[in-house]
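Report on the following structure.
Below, all heavy atoms of this structure are taken into account, side chains as well, without hydrogens, waters or symmetry copies.
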Amino acid sequence: MARQQGLIYLGKSHRKLAGDRKAVKAQTKGGIAVATPSPPRIRVVISDDHPLFREGISRALQLSGFIDVVAEAENGRDALEIIRREIPQVAVLDLRMPELDGIAVLHALVRDRVDTRVLMLSAFTDSSSVYRALEEGAAGFLTKDSKRSEVVEAVRAISQGKTVVPPEVTGGLADEIRMRRSQNSPTLSERESQVLNGMARGLSIPQIAKELILGTSTVKTHAQHLYEKLQVSDRAAAVAEAMRRGLLE
């Protein structure tokens, strides 16, 4: 994890970036002009229903020297149509827009496997909004009061396959993840937890029964209740599912 200009970069995504032709510029070496590739420019689409804000972001990106704003939209429906047509490397979307909101546009892009990564901008910093955006597949989330330089650096990072989240929302995001995990995790009785831990250690039902000083049939009943709560049908699946839900370390 790296920090730059107040942003947190969370590694690379598995999604491929849309290619762009490399521009070529001439350099002089020993009196001879040598063609060397310059960094590819980043193609971006911006969508926001507030013209002044949208124009400000567009101007900052254009002045970066390495970003081309290929189109702008004022609502989600137009944004989706433009992104499908232009296939930019990055789309900068307002979370709340007319016609279709940013989440709906993002969902459609992911569903249709459009090779564009999304930076979501929002005036709302509640953890549920951030979580929902990232869960749907956003590559980054910034607040609308972020510095223009932070938006520029976020677009650059996202085009390189990184995920960007501002530090001021990471604490709330972690709390949101923990809350959702607890809501999605079933409550196990003490005996069911003991049986689960025995299974995780590779013990058989008779061995678990001996360790807990219980009858084999009683342990089988606890195991069946455990399977029902985890929605699985065997012990291997129970252990795997319990680990996925954080019920086992």
Can Lys147 and Glu150 be said to form a salt bridge (charged side-chain N to carboxylate O under 4.0 Å, His left out), step by step? CA-CA 5 Å; Lys147 296 178 181 178; Glu150 291 179 335; 5.6 Å; no

Nearest 0.5 Å, please: how far is CD1 in Ile57 from OG in Ser47? 12.5 Å

Could you check whether any side-chain heavy atom of Gln89 comes within less than 4.5 Å of a side-chain heavy atom of Arg117, counting everything from C-beta outward? no

CD1 (Ile87) and CZ (Arg85) are apart, to the nearest 0.5 Å, by 10.0 Å

Hey, does Ile42 have a side-chain heavy atom less than 4.5 Å from the side chain of Phe66? yes

For Ile205 and Ala223, work out which heavy atoms get closest and say how close. CD1-CB, 4.3 Å

Salt-bridged, Lys144 to Asp94, with N to O below 4.0 Å? yes

Residue pair Val44 / Val92, side-chain heavy-atom distance below 4.5 Å: yes

Quick check: closest heavy atoms across Ala139 and Ile158, and the distance to 0.1 Å? CB-CG2, 3.7 Å

Non-hydrogen atoms of Asp101 and Leu95 that approach each other most closely: CB-O, 3.3 Å

Hey, is Arg41 close enough to Asp68 for a salt bridge, meaning N to O under 4.0 Å? yes

Starting from the C-alpha separation in whole Å, work towards a yes-or-no answer on side-chain contact (heavy atoms from CB on, under 4.5 Å) for Leu121 and Phe53. CA-CA 11 Å; Leu121 297 181; Phe53 181 82; 3.9 Å; yes

Do the charged groups of Arg201 and Glu211 touch, with an N to O distance under 4.0 Å? yes

Salt bridge between Arg96 and Asp49, side-chain N to carboxylate O under 4.0 Å? no

With the side chain counted from C-beta on, respond yes when Met97 and Asp48 share a heavy-atom pair under 4.5 Å apart, and no when they do not. no

With side chain to side chain donor-acceptor pair (under 3.5 Å) as the criterion, how do Ser146 and Thr143 come out once you've worked through the C-alpha distance, each side chain's angles and the decisive distance to 0.1 Å? CA-CA 6 Å; Ser146 298; Thr143 61; 3.2 Å; yes

Quick one, Ser58 with Arg54, criterion side-chain contact (heavy atoms from CB on, under 4.5 Å). Give me CA distance, side-chain angles, the key distance, then yes/no. CA-CA 6 Å; Ser58 177; Arg54 186 176 69 246; 5.6 Å; no

In the structure I gave you, are the side-chain heavy atoms of Val45 and Glu72 within less than 4.5 Å of one another anywhere? no

Which heavy atom in Ala133 sits nearest to a heavy atom in Ile103, and how many Å separate them? CA-CD1, 3.6 Å

Closest non-hydrogen atoms of Met199 and Arg235, given as atom of the first, atom of the second and distance, are CA-NH2, 3.5 Å

Rounded to the nearest 0.5 Å, how far apart are CG of Leu188 and CG of Leu196? 6.5 Å

Within the distance-only criterion (no hydrogens, no angle test), does the side chain of Arg43 pair as donor or acceptor with the backbone N or O of Glu86 below 3.5 angstrom? yes

Would His107 and Glu136 count as a side chain to side chain donor-acceptor pair (under 3.5 Å) if you check the C-alpha gap in whole Å, the side-chain angles of each, and the deciding distance to 0.1 Å? CA-CA 6 Å; His107 181 80; Glu136 285 289 340; 3.0 Å; yes

Test your reading of the model: is there a side-chain donor-acceptor pair from Gln224 to the backbone of Thr221, 3.5 Å cut-off? no

Side chain proximity check, Leu80 to Leu109, heavy atoms < 4.5 angstrom: yes

Measure across Val105 and Gly76 and return the closest heavy-atom pair with its distance rounded to 0.1 Å. CG2-O, 3.5 Å

Distance col, row Thr116:OG1 vs Leu106:CG, nearest 0.5 angstrom, shows 11.0 Å

When you compare the side chains of Ser193 and Glu190, does any donor N or O come within less than 3.5 Å of an acceptor on the partner? no

Quick one: pull up OG in Ser233 and CD in Glu228 and give me the separation to the nearest 0.5 Å. 12.0 Å

Within a strict 4.5 Å, meaning less than it, do heavy atoms of the Leu63 and Arg148 side chains meet? no

Heavy-atom side-chain proximity of Leu61 to Ile46 below 4.5 angstrom: yes

Please test Arg191 against Gln194 for side chain to side chain donor-acceptor pair (under 3.5 Å), starting from the C-alpha separation and ending with a verdict. CA-CA 5 Å; Arg191 284 302 191 194; Gln194 291 171 337; 2.9 Å; yes

With rounding to the nearest 0.5 angstrom, report the CZ to OG distance, Arg156 to Ser64. 7.5 Å

In this structure, which one of Leu93, Asp112, Val70, Val118 forms a side chain to side chain contact (heavy atoms under 4.5 Å, CB included) with Ile83? Leu93

